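Below, read A as the first sequence line, B as the second, and so on, with proteins coming before strands; counting in each chain starts at 1. All values reported here derive from a predicted model rather than from experimental measurement.
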Amino acid sequence: MNGEQPTRRDFLYIATGAVGAVGAAAAAWPLIHQMNPDASVQALASTEVDLTPVKEGQIITVKWRGKPVFISHRTKKEIEEAVKTPLRDLPDPQTDESRVKKGKEQWLVVIGVCTHLGCVPLGHQGDYHGWFCPCHGSHYDTSGRIRKGPAPLNLEVPPYEFASDTMVRIG
Amino acid sequence: MSGPSNFQPKSPILQWTERRLPVLGLMHSSFVAYPTPRNLNYWWTFGGILSFCLAVQIITGIVLAMHYTPTVAGAFKSVEHIMRDVNYGWLLRYVHANGASMFFIAVYIHIFRGLYYGSYKEPREILWILGVIIFLLMMATAFMGYVLPWGQMSFWGATVITNLFSAIPGVGQKIVELLWGGYSVDQPTLQRFFSLHYLLPFMIAGVVVLHVWALHEVGQNNPAGIDVKSDKDTVPFTPYATAKDNFAMVCFMIFFAWFVFYIPNYLGHADNYIPANPLQTPTHIVPEWYFLPFYAILRAIPSKLGGVLAMFGSIALLAFLPWLDRSKIRSARYRPLFRQFFWIFVITCVGLGWLGAKPAEGGYVIASRILTAWYFLHFLVVLPLLSYYERPKPLPASIAESVLGNQPMAPANVKGSS
Amino acid sequence: MKKNTLLALGIASALSLATASAVRAADAHAPQPPRQSWSFSGPLGKFDKAQLQRGLKVYREVCQACHSMNLVAFRTLGQPGALGFTEGQIKTIAGEYQITDGPNDSGEMFQRPGRPSDYFPPIYPNEQAARATHNGALPVDLSVIAKARTYEVGFPGFLIDIVRQYQENGVDYIHALLTGYSEPPAGETLGPGQHWNKFFPGHKIAMTPPLDKDRVEYTDGTPQTVDQYARDVTAFLMWAAEPHLESRKRIGFQVMIFLIVFAGLAYFTKKKVWANAH
């Protein structure tokens with residue numbers, strides 16, 4: 001073999017290998033991407049709920065994206081408790097105001113999934129009269145904010161809007 | 001597996017591992033240092049292509065099973081869900097569906113290559129029989145896979161094929177009910193077919209390991225059909241065979257992609273886009289193309305049990321081939337008569353395939369009977385007789401010589417060679 | 001093996017694999033539908049969005065009286081490679097359908113206007129109801145009809161179709177069927193509710209001739225003829241059956257380019273490797 005041939009040959013080998021690797025990577029993408037939420041799942045991402053039958057002091061649970069969503073029709077007392085709580089007492093400081101829609105403070109809409117490890121907390125329970133997660137003892141207040149226990153964050157507020165006074169559209 | 005294995009990794013970590021589990025050495029001796037005859041032509045690349053096909057089917061199949069629902073009410077819909085909503089679902093399904101056909105195209109080429117070059121002969125009998133087993137498993141897998149979309153052809157194909165077993169005297173009906181899990185093809189049938197369709201490819205993979213093991217034990221056959229005699233006759237698997245296999249595989253992928261992207265339903269049946277209806281049979285039931293020759297044999301025999309026996313017999317016969325063809329010369333290159341009969345046999349198989357797609361009436365039936373008879377005569381009469389009466393051409397002295405084109409030796413002794 | 005071996009085997013395998021697809025969908029007496037030119041055929045084929053929109057209009061104003069399309073969701077009308085509708089237009093279309101939903105809190109099923117995530121609703125509550133309305137005949141669901149129909153292509157046409165990438169047999173047939181009505185030839189009698197169609201296997205079809213001149217109003221100046229209606233609605237049905245056709249062909253083109261380049265490199269690599277072996 002003469003002197004210049006090996007370099008030409010090496011280049012050819014590297015190019016072939018590289019193109020092969022690119023092809024393999026491109027072929028892998030559909031195999032991975034197929035696991036992402038499909039078009040029908042993405043499309044079902046909104047739920048409408050009629051609030052007329054929900055009495056004051058009652059919490060209902062509806063399903064949105066396969067998860068429970070709590071809709072709490074809060075009493076005056078519960079709202080007051082939530083508003084009054086100083087931010088420094090909160091592990092994840094958020095005002096009650098920022099967690100509800102203005103003028104609709106009686107309605108609290110949160111995703112009913114404990115931010116610790118994903119259990120569903122129980123309503124009207126715990127030290128702060130909001131929710132209590134039976135799995136690992138996290139206590140949430142009447143605004144769904146974490147107060148005590150292992151959970152790091154407040155119950156998440158899903159995107160939602162009031163389609164009318166008595167109709168809420170989640171998602 | 002054979003091949004020089006004085007493989008010693010450089011990295012101390014790998015050396016440590018290698019002393020405890022010599023898997024790199026095994027890989028090295030099997031796929032790098034393994035000596036391959038230097039005269040292998042492109043017909044020998046189909047082993048690698050078939051491994052590729054199996055891998056593609058298993059990977060796309062696992063992925064499709066993540067979205068498929070094996071229920072009578074949900075199967076058709078879930079397949080359409082894959083086609084419409086799952087990200088790249090259409091691609092995965094079309095690759096899987098056409099992949100089955102590609103697998104069979106490759107396996108038929110592989111089988112006919114073995115037949116032409118006498119790859120079934122001593123000492124490769126076990127290797128050959130393992131291949132026949134793989135072929136049978138492939139057929140079972142493909143058949144059950146075709147049932148899963150639960151279209152009209154799925155349903156009626158399943159009905160017809162499972163009913164084959166009712167031909168068994170006495171217990172036939174009981175066996176069919178056992179296969180069905182009921183009194184007709186229904187939910188239990190679909191669900192078990194799904195389970196088995198998932199299982200069988202892994203069994204195929206297992207037998208493939210044995211097949212490759214046996215291959216590496218006895219060494220590859222080659223176009224000259226003579227044994228490897230010295231190092232001059234071989235080249236190391238890597239880079240020689242790998243480079244060649246790689247090129248052949250990419251060419252095969254182009255052929256594959258042509259179907260997947262441009263004519264994905266060409267090899268399928270339009271009727272299978274009609275949801276299964278147990279009350280109405282499609283006007284023309286035709287199996288997938290790769291079953292057509294056997295389907296033609298089934299229909300050629302005017303008795304139910306006879307047809308079923310002939311069909312299964314036509315495949316089982318392959319396993320006995322090493323003992324039917326007693327000629328010591330392997331390659332058809334040096335067997336002028338065998339070569340002609342080989343091509344007649346190829347035409348017979350293609351003819352049976354064509355007849356399998358035709359309605360069972362009139363001239364088609366007569367033609368099917370003639371070709372079916374020839375199929376069996378080829379194996380049971382022609383090959384045994386040829387072993388005794390054929391005068392082979394002189395064999396080259398060595399593989400190296402056959403490649404480099406030296407003068408062949410004096411005529412080889414039929415009985416003594418190989 | 002020799003070169004002619006390759007050729008023979010190639011023909012042999014092509015022959016055997018292609019015979020299967022030459023399923024005899026049409027009866028021997030039904031003539032082969034004439035091949036039409038479709039914007040979506042061939043390696044670079046694309047749907048004509050305006051045509052699909054007209055086709056949807058024909059479907060909604062004519063076919064939908066009897067035929068459902070259960071597998072097609074409204075949202076898909078706007079996805080890439082589809083009809084090109086905006087989200088607002090899709091909401092409007094979906095809202096014109098009544099969808100059965102429920103049960104509500106009192107356990108009742110109820111009707112509500114459709115949303116983009118809904119599917120074209122069924123026309124009849126069940127198959128029996130559909131048959132009862134149609135003299136025992138069942139108006140089939142049209143979601144995948146364009147792939148569920150075909151016709152036999154004889155030798156050697158079916159081999160040429162592989163090379164030509166011709167897979168528009170289903171739409172050819174539907175177009176032919178929609179335009180193939182006529183009076184029965186002398187000597188043929190039709191039963192009640194039957195019609196004569198040149199391209200229908202057996203010729204006696206329960207579907208009344210669905211299209212008449214000017215039956216559907218086109219606002220873009222396209223001629224309002226039976227042939228044009230049939231063409232448009234058939235193209236729409238092809239989209240409905242194969243909504244990802246455009247991306248399939250686009251990705252296919254990229255894959256082909258890639259594989260040809262890769263094959264070239266693999267070939268030269270192989271040549272180099274073997275150069276010193278001979």
Q.
As an exercise: rank B:I263, B:N246, B:D85, B:D245 by heavy-atom pairs under 4.5 Å with chain C and give me the winner.
A. B:I263

Q. So which residues of residues 91-98 of chain B are in contact with chain C at a heavy-atom cut-off of under 4.5 Å?
A. B:Y94

Q. Checking heavy atoms, do the side chain of C:V273, its backbone, both or neither come under 4.5 Å from chain B?
A. both

Can you give each donor-acceptor pair under 3.5 Å made by side-chain atoms of residues 258-270 of chain C, sequence neighbours left out, with the distance rounded to 0.1 Å?
| unit_1 | atom_1 | unit_2 | atom_2 | d |
| --- | --- | --- | --- | --- |
| C:T269 | OG1 | A:T16 | OG1 | 2.7 |
| C:T269 | OG1 | C:L265 | O | 2.8 |

Q.
Among B:I254, B:I347, B:I274, B:L352, which residue has the highest count of heavy-atom pairs closer than 4.5 Å to chain C?
A. B:I254

Q: Check each atom of B:Y42 against the heavy atoms of chain C and say whether the ones under 4.5 Å are side chain, backbone, both or neither.
A: side chain

Q: Among B:K244, B:M249, B:M253, B:M83, single out the residue with the greatest number of heavy-atom pairs under 4.5 Å to chain C.
A: B:K244

Q) Taking atom types as modelled and ignoring hydrogens, do the side chains of B:N221 and B:W44 form a donor-acceptor contact shorter than 3.5 angstrom? A) no

Q | Region of B:Y108 in contact with chain C, defined by heavy-atom distances below 4.5 Å | A | neither

Q. Does any N or O in the side chain of B:Q152 come within less than 3.5 Å of the main-chain N or O of B:N277, such that one atom is a donor and the other an acceptor?
A. yes

**Q.** Portion of B:F256 that has a non-hydrogen atom of chain C nearer than 4.5 angstrom
**A.** neither

Q.
Please tell me whether B:R330 and B:S119 have a donor and an acceptor in their side chains that are separated by less than 3.5 angstrom.
A. no

Q: May I ask you to decide if C:L177's main-chain N or O and C:N197's side chain share a donor-acceptor pair within less than 3.5 Å?
A: yes

Q: Let me know if B:P282 has heavy atoms under 4.5 Å from chain C in its side chain, its backbone, both or neither.
A: neither

(Q) Do the side chains of C:K147 and C:E242 get close enough for a salt bridge, i.e. N-O under 4.0 angstrom? (A) yes

Q: Report the C-alpha distance between C:W38 and C:D172 in whole Å, list the side-chain angles of each, state the deciding distance to 0.1 Å, and finish with yes or no for side-chain hydrogen bond (donor to acceptor under 3.5 Å, both in side chains).
A: CA-CA 9 Å; C:W38 301 100; C:D172 286 343; 2.9 Å; yes

(Q) For C:F74, does the six-membered ring have the charged nitrogen or CZ of C:R115 within the cation-pi criterion, i.e. under 6.0 angstrom from the centroid and within 45° of the normal? (A) no

Q: Determine the option with the most heavy-atom pairs under 4.5 angstrom with chain C, choosing from B:F247, B:Y88, B:F104.
A: B:F247

Q) Would you call the rings of B:F345 and B:F112 parallel, tilted or perpendicular if under 30° counts as parallel and over 60° as perpendicular? A) tilted

**Q.** Contacting moiety of C:A240, where chain B heavy atoms sit under 4.5 Å
**A.** backbone

Q: Give the ring-plane orientation class for C:F40 versus C:F47, where under 30° counts as parallel, over 60° as perpendicular and anything between as tilted.
A: tilted

(Q) I'd like to verify something: which residue of C:Q165, C:R75, C:Q79 has the highest number of heavy-atom pairs under 4.5 Å with chain B? (A) C:Q165

Q. Which atoms of C:I145 come close to chain B, meaning under 4.5 Å heavy atom to heavy atom: side chain ones, backbone ones, both, or neither?
A. neither

Q. Relative to chain B, which segment of C:P43 carries a heavy atom at a distance below 4.5 Å: side chain, backbone, both, or neither?
A. both

Q: Answer with side chain, backbone, both or neither: which region of C:R250 has an atom nearer than 4.5 Å to a non-hydrogen atom of chain B?
A: neither

Q: Kindly write out the residues that satisfy ring pair (Phe, Tyr, Trp, His ring centres under 6.0 Å) with B:Y146, not counting sequence neighbours, or none if the list is empty.
A: B:H269

**Q.** Donor + acceptor pair across side chains of B:Y116, B:R335 (<3.5 Å)
**A.** no

In residues 134-141 of chain C, what donor-acceptor pairs under 3.5 Å come from side-chain atoms, sequence neighbours left out?
| unit_1 | atom_1 | unit_2 | atom_2 | d |
| --- | --- | --- | --- | --- |
| C:H134 | NE2 | C:Y124 | OH | 2.5 |
| C:D141 | OD1 | C:S68 | OG | 2.7 |
| C:D141 | OD1 | C:M69 | N | 3.3 |
| C:D141 | OD1 | C:N70 | N | 2.8 |
| C:D141 | OD1 | C:N70 | ND2 | 3.4 |
| C:D141 | OD2 | C:S143 | N | 3.0 |
| C:D141 | OD2 | C:S143 | OG | 2.4 |

